[in-house]
Amino acid sequence: MASHNTYRLSCSIPGHEMDVRGLAAAFFPEGAFVSVSRDRTGRVWVPNSSPNRGFTEMHCMNGHTNFVSCVCIIAPNDTYPRGLVATGGNDNNICVFSLDRPDPLFILKGHKNTVCSLSSGKFGTLLSGSWDTTAKVWLSDKCMMTLQGHTAAVWAVVILPEQGLMLSGSADKSIKLWKAGRCERTFTGHEDCVRGLAVINDTEFFSCSNDASIRRWLVSGECTQVYNGHTNYIYSLALCPNGQDFISTGEDRTLRIWKGGECAQTIRLPAQSVWCCCVLPNGDIVVGASDGIIRVFTEADERVASAEDLQAFEEELSKATIDPKTGDLGDIKVEDLPGREHLDEPGTRDGQTRLIKEGQKVEAYQWSVSEGRWMKIGDVVGGSSQASSSKTTYEGKEYDFVFTIDMNEGGPSMKLPYNVTDDPWLVAHNFLQKNDLSPMFLDQVANFIIENTKGHTLGPAPPSAADPFTGSGRYIPGSSDGRTGFGADPFTGSGRYIPGSDPTPTGPTGVADPFTGGSAYSSAASRPTPTNIYFPKTDAVTFEQANATQIFAKLKELNGGAPEDKKLPEDIMAKLEKLLMNVCDLKSSETPTQEEIGVLWKTSHWPEDIVFPVLDILRLAVRHPVVNASLCGETEGVQFCNHLLSLLGPQGRPANQMLALRTLCNCFSGPSGRSLLMTQREAVMSRVTELKGVCNKNIHIALATLVLNYAGGLHGQADLEGKAQCLSMASSVLEGALDKEAVFRLLVALGTTVSGDPTAKDLAQSLGVKSQIARYTSVSEPAKVGECCRLVLNELQ
């Protein structure tokens with residue numbers, strides 16, 4: 001195939017009525033791609049065999065009620081062998097289409113603002129980014145999890161090849177790496193909002209930003225290279241088929257091709273905003289811009305446009321008008337510019353720009369290495385001299401500044417004209433009235449004008465003022481700017497009461513259950529056939545072990561040394577002792593009284609440094625049906641749950657953390673407690689995950705048990721978001737699990753979550769669970785860890 005090693009126009013494709021905002025190469029038909037636009041449509045384009053070597057619209061998709069902002073292709077599967085098309089829009093929705101019908105197969109609802117980025121992964125996983133500051137993980141037509149952590153719009157998302165790894169880029173100037181739904185790392189370095197991401201391989205990726213730079217990163221956190229060349233915001237990136245070279249587009253009217261770490265070619269377009277790009281399998285580049293035209297560029301001679309089309313493109317480019325206030329051409333003083341003779345000297349690099357004065361006009365030219373000549377790219381309107389050329393014309397009048405304000409991305413832009421002699425507050429007031437906007441924005445608009453005209457008497461606005469999208473320096477109405485754990489004995493003295501000194505909970509006597517410990521469990525070696533006795537585990541796993549004598553002795557000791565205003569009187573101590581003895585033996589004929597339960601609840605608010613024996617009584621008491629119903633019921637339940645969560649802060653006392661976790665686990669033993677914790681799942685899971693980094697095996701075992709009990713509560717239910725949270729938390733705790741018992745319980749939780757649920761299995765695979773747990777297959781002591789791990793892996797096949 002002949003090639004000039006430079007890209008030239010292959011074809012221009014009209015069809016959309018407004019800006020083309022997203023592009024994606026399709027799996028089917030061969031060589032096809034999909035475009036989406038502010039005209040609310042998505043379109044599939046296929047190569048045609050006509051002499052002009054262009055593309056034909058094969059399919060038009062409708063389903064959004066507002067502008068369409070982004071698109072991605074979901075890989076083919078058995079159900080949809082041609083793959084699916086996902087589009088995101090300003091109606092806050094994601095529409096999923098097949099290639100044989102114009103209306104969506106289903107619509108994904110959940111985001112609270114514009115969906116501006118989409119990426120697809122293995123097993124049908126879809127990742128979305130939104131102005132609502134979140135990213136969401138979807139599987140089929142369900143939201144599996146919400147990724148929260150950014151403080152501004154999430155402009156870019158991408159799924160990395162390694163299962164479970166996802167990236168998000170935001171207007172808060174940061175990039176976050178997510179693993180199994182949790183933030184593993186935050187990348188900082190960009191000086192303005194991050195607009196695009198592109199995966200290089202398992203360990204590297206590119207990012208682009210409104211700061212006009214492109215960065216290359218390692219997933220481990222290091223920025224290995226910064227690429228400069230663009231003169232304005234960079235909106236999109238795409239990798240070339242060789243896996244190293246890449247392309248970028250932006251607000252400076254250009255498509256840039258990067259080879260060997262350098263900008264090898266710059267192609268200017270006759271449109272201000274070059275929003276999006278993609279690379280086809282044959283290496284051709286597709287770009288979409290604010291003029292609604294899709295353009296294809298190629299290195300292959302046989303696909304280059306005709307001489308007539310190339311000439312027409314060059315003429316269209318030469319007729320473009322360039323406003324220096326966009327920042328594309330730097331500071332211009334017309335009186336200092338050379339004449340046409342400046343073009344007699346050849347350029348030094350492809351894309352080099354020169355300005356010349358032609359009479360009273362300023363013309364911009366760009367050097368083309370492939371053509372060996374200067375090509376006109378437009379007439380410059382306005383400059384920064386004191387002459388009238390420094391003004392910008394708007395509605396027949398000249399202004400020093402004409403700011404572009406977007407109320408919401410994709411909506412109609414509003415122009416805010418301003419002269420430095422004007423009163424910014426009066427201008428802001430008139431702007432709000434003219435556009436029927438709330439007067440509550442008066443301060444914001446006026447301060448925006450003041451901030452972006454500082455130090456100016458006449459001249460161009462800063463580049464950041466002209467971009468209609470969120471990020472540093474832009475006005476968006478209604479927006480804002482953006483331990484060590486304790487050891488085996490945390491208490492002094494030998495033979496003292498140690499909560500959790502025997503972390504293995506016991507189950508019903510005589511039951512051959514791997515959770516009971518001791519001789520109750522028979523390893524696989526002693527059984528004739530390896531059956532799955534581990535999961536699904538739907539009955540609660542609780543912490544039963546207790547030494548009532550030691551617990552009460554410690555309580556008496558601490559009460560004796562407590563401050564006078566905290567000391568418990570003898571009658572209260574007697575009630576606690578009686579309650580303790582009754583709940584230690586659940587077969588006792590005596591039932592705890594409401595007075596005793598009230599005393600227990602009140603004393604559980606003792607000072608944190610002495611409350612742990614009371615928490616141990618509480619841990620045992622919630623197993624009793626009467627106590628469970630009383631403390632976890634509709635009246636007191638939420639208050640009870642919140643009190644336990646208050647003890648779980650990362651800086652809390654390890655003994656209290658462990659006992660509060662065990663109390664939560666034991667709540668699952670009764671219907672009231674189970675119901676309470678299932679309804680409070682979001683709050684509980686979010687809080688307890690903070691303890692995953694505590695170096696304490698007892699806390700890890702309690703955490704694992706809580707995840708397992710949640711998995712059991714969700715088994716057989718259609719709550720996929722809850723199961724996603726279980727998978728994420730199990731994966732998170734596994735990362736730092738210090739004890740094989742904790743590992744075992746987390747494996748059982750994973751098995752219980754995916755057992756009998758194909759969608760949960762797909763999600764677990766997409767989150768990388770298989771690769772994460774594979775290392776436990778070889779664990780032989782205890783044997784139940786390796787055996788359970790192999791059973792989970794079999795379940796995920």
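These numbers come from a predicted model, not from an experiment. Only this structure's heavy atoms are used, side chains among them; waters, hydrogens and symmetry mates stay out.
By the 4.0 Å N-to-carboxylate-O rule, Glu721 lies too far from Lys142 to be salt-bridged with it. Classification of Glu787 and Arg790 as a salt-bridged pair fails, no side-chain N sitting under 4.0 Å from a carboxylate O. Taking a cutoff of 4.0 Å between a charged side-chain nitrogen and a carboxylate oxygen, Glu682 and Arg687 do not qualify as a salt bridge. The existence of a salt bridge linking Arg182 and Glu184 is confirmed by a sub-4.0 Å separation between a basic side-chain nitrogen and an acidic carboxylate oxygen. A salt bridge links Lys761 with Glu795: the distance from a Lys NZ or Arg NE/NH1/NH2 to an Asp or Glu carboxylate oxygen falls below 4.0 Å. In this structure, Glu577 does not pair ionically with Lys556, as no charged nitrogen and carboxylate oxygen lie closer than 4.0 Å.
Within 6.0 Å of NZ on Lys770 lie more than 12 heavy atoms contributed by other residues, nucleotides or ligands. More than 12 heavy atoms of other residues, nucleotides or ligands sit less than 6.0 Å from atom CD of Gln797. Environment of CG in Asp78: sparse, with no more than 12 heavy atoms of neighbouring residues, nucleotides or ligands closer than 6.0 Å.
With rounding to the nearest 0.5 Å, the separation of CD in Glu608 from NE2 in His605 is 11.0 Å. To the nearest 0.5 Å, atoms NZ (Lys723) and CE (Met144) are separated by 9.5 Å. Taking OG of Ser140 as the start and CG of Leu108 as the end, the distance is 9.5 Å to the nearest 0.5 Å. Gln680 CD to Cys641 SG: the interatomic distance, rounded to the nearest 0.5 Å, is 5.0 Å. In this structure, the separation between CZ on Phe640 and OG1 on Thr663 is 6.0 Å, given to the nearest 0.5 Å. Rounding to the nearest 0.5 Å gives a distance of 5.5 Å between CG of Leu165 and CG of Leu177.
Neither side chain, Ser630 nor Glu636, offers a donor N or O lying under 3.5 Å from an acceptor on the other. Side-chain contact annotation: His700 with Asp739, donor-acceptor N/O pair under 3.5 Å absent. A donor-acceptor pair shorter than 3.5 Å can be found between the side chains of Ser128 and Trp138. For Thr146 and Lys136, the side-chain atoms include at least one donor-acceptor pair closer than 3.5 Å. Defined by atom type and a distance below 3.5 Å, a donor-acceptor pair is present between the side-chain atoms of Thr542 and Glu544. Between the side chains of Thr753 and His715, no donor-acceptor pair is found at a separation under 3.5 Å. No hydrogens or angles considered: nothing links the side chains of Arg623 and Ser669 as a donor-acceptor pair under 3.5 Å.
A donor-acceptor contact shorter than 3.5 Å links the side chain of Ser771 to the backbone of Gly768. In this structure a side-chain-to-backbone donor-acceptor pair under 3.5 Å is present from Arg185 to Ser220. Listed for the Thr531 side chain is no donor-acceptor partner under 3.5 Å among the backbone atoms of Ile533. No donor-acceptor pair closer than 3.5 Å links the side chain of Gln657 to the backbone N or O of Ile699. In this structure, Arg619 contributes its side chain and Ala660 its backbone to no donor-acceptor pair below 3.5 Å. Between the side chain of Asn559 and the backbone N or O of Leu555, no donor-acceptor pair lies under 3.5 Å. Looking at Thr125, its side chain never comes within 3.5 Å of a backbone N or O of Gly121 through a donor-acceptor pair. Between the side chain of Thr752 and the main chain of Phe535, no donor-acceptor pair closer than 3.5 Å is present. Formation of a donor-acceptor pair under 3.5 Å by the Ser732 side chain with backbone atoms of Met729 is not found in this model. A donor-acceptor pair is defined here as one N or O able to donate and one able to accept, closer than 3.5 Å; such a pair exists between the side chain of His643 and the backbone of Ser604.
Taking both residues in full, the closest heavy atoms of Ala562 and Lys567 are given as O-CE, 3.2 Å, listed atom of the first, atom of the second, then distance. Taking all atoms of both residues into account, the shortest heavy-atom contact from Val599 to Ile572 is CG1-CG2, 3.5 Å. Nearest heavy atoms, Asn656 versus Phe612: OD1-CB, 3.5 Å. Scanning all heavy atoms of the two residues, the minimum distance from Ile159 to Ser120 falls at CD1-C, 3.6 Å. Counting all heavy atoms, side chain and backbone alike, Cys183 lies closest to Trp178 at N-CE3, 3.3 Å. Here the shortest heavy-atom pairing between Phe543 and Asn666 reads N-OD1, 2.7 Å.
Screening Leu661, Asn696, Val733 for a side chain to side chain contact (heavy atoms under 4.5 Å, CB included) involving Leu691 leaves a single residue, Leu661. If you run side chain to side chain contact (heavy atoms under 4.5 Å, CB included) between Leu746 and each of Leu703, Leu734, Val792, only Leu734 comes through. Between Asp132 and the options Gln148, His150, His111, a side chain to side chain donor-acceptor pair (under 3.5 Å) holds for only His111.
Annotation: side chain of Asn709 is not in contact with side chain of Leu664 (no heavy-atom distance under 4.5 Å).
Listed by first and then second residue, the salt bridge (charged side-chain N to carboxylate O under 4.0 Å, His left out) pairs that reach into residues 698-720 are Arg681-Asp719, sequence neighbours excluded.
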* **Working for ring-ring contact (aromatic ring centres under 6.0 Å, His included), residues Tyr534 and Phe744** => CA-CA 10 Å; Tyr534 305 112; Phe744 168 67; 5.6 Å; yes
* Take Lys578 and Glu596 through the test salt bridge (charged side-chain N to carboxylate O under 4.0 Å, His left out) and record every step on the way to the result. => CA-CA 8 Å; Lys578 181 183 176 185; Glu596 291 168 352; 3.7 Å; yes
